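These notes concern the structure reproduced below.
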Amino acid sequence: MQWGFLPRRDIAAKYAEFIKDTGQFSEDGANILIKNGWMEKPPQADDKLKLAKKKHP
């Protein structure tokens, strides 16, 4: 008998549970961002032309 080819249902079950927990964690994080107003609009890149024209001391 070759042990490497045995199906590991326990690992598959743990992996499925991990995916479920990760999804819940991500949803909780998104709700915190929305609640605090940190996710009102996506992050924006700085305006490079405006920065280039700015006078530096």
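Here the structure is a predicted model, which means the values were calculated and not measured. When a residue number appears, it is its place in the shown sequence, counting from 1.
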Once rounded to the nearest 0.5 Å, what's the spacing between atom [atom1] of [X] and atom [atom2] of [Y]?
X: D47; Y: K54; atom1: CG; atom2: NZ; answer: 11.5 Å
X: K14; Y: I19; atom1: NZ; atom2: CD1; answer: 14.0 Å
X: N31; Y: N36; atom1: CG; atom2: CG; answer: 11.0 Å
X: D21; Y: Q24; atom1: CG; atom2: CD; answer: 8.5 Å

Could you state whether I34 and W38 fall into the same hydrophobic cluster, counting links through intermediate Ile, Leu, Val, Met, Phe, Trp or Tyr residues with side-chain heavy atoms under 4.5 angstrom apart?
yes
List, by chain and number, the other hydrophobic cluster members for I11, where Ile, Leu, Val, Met, Phe, Trp and Tyr join if side-chain heavy atoms come within less than 4.5 Å, directly or indirectly.
none
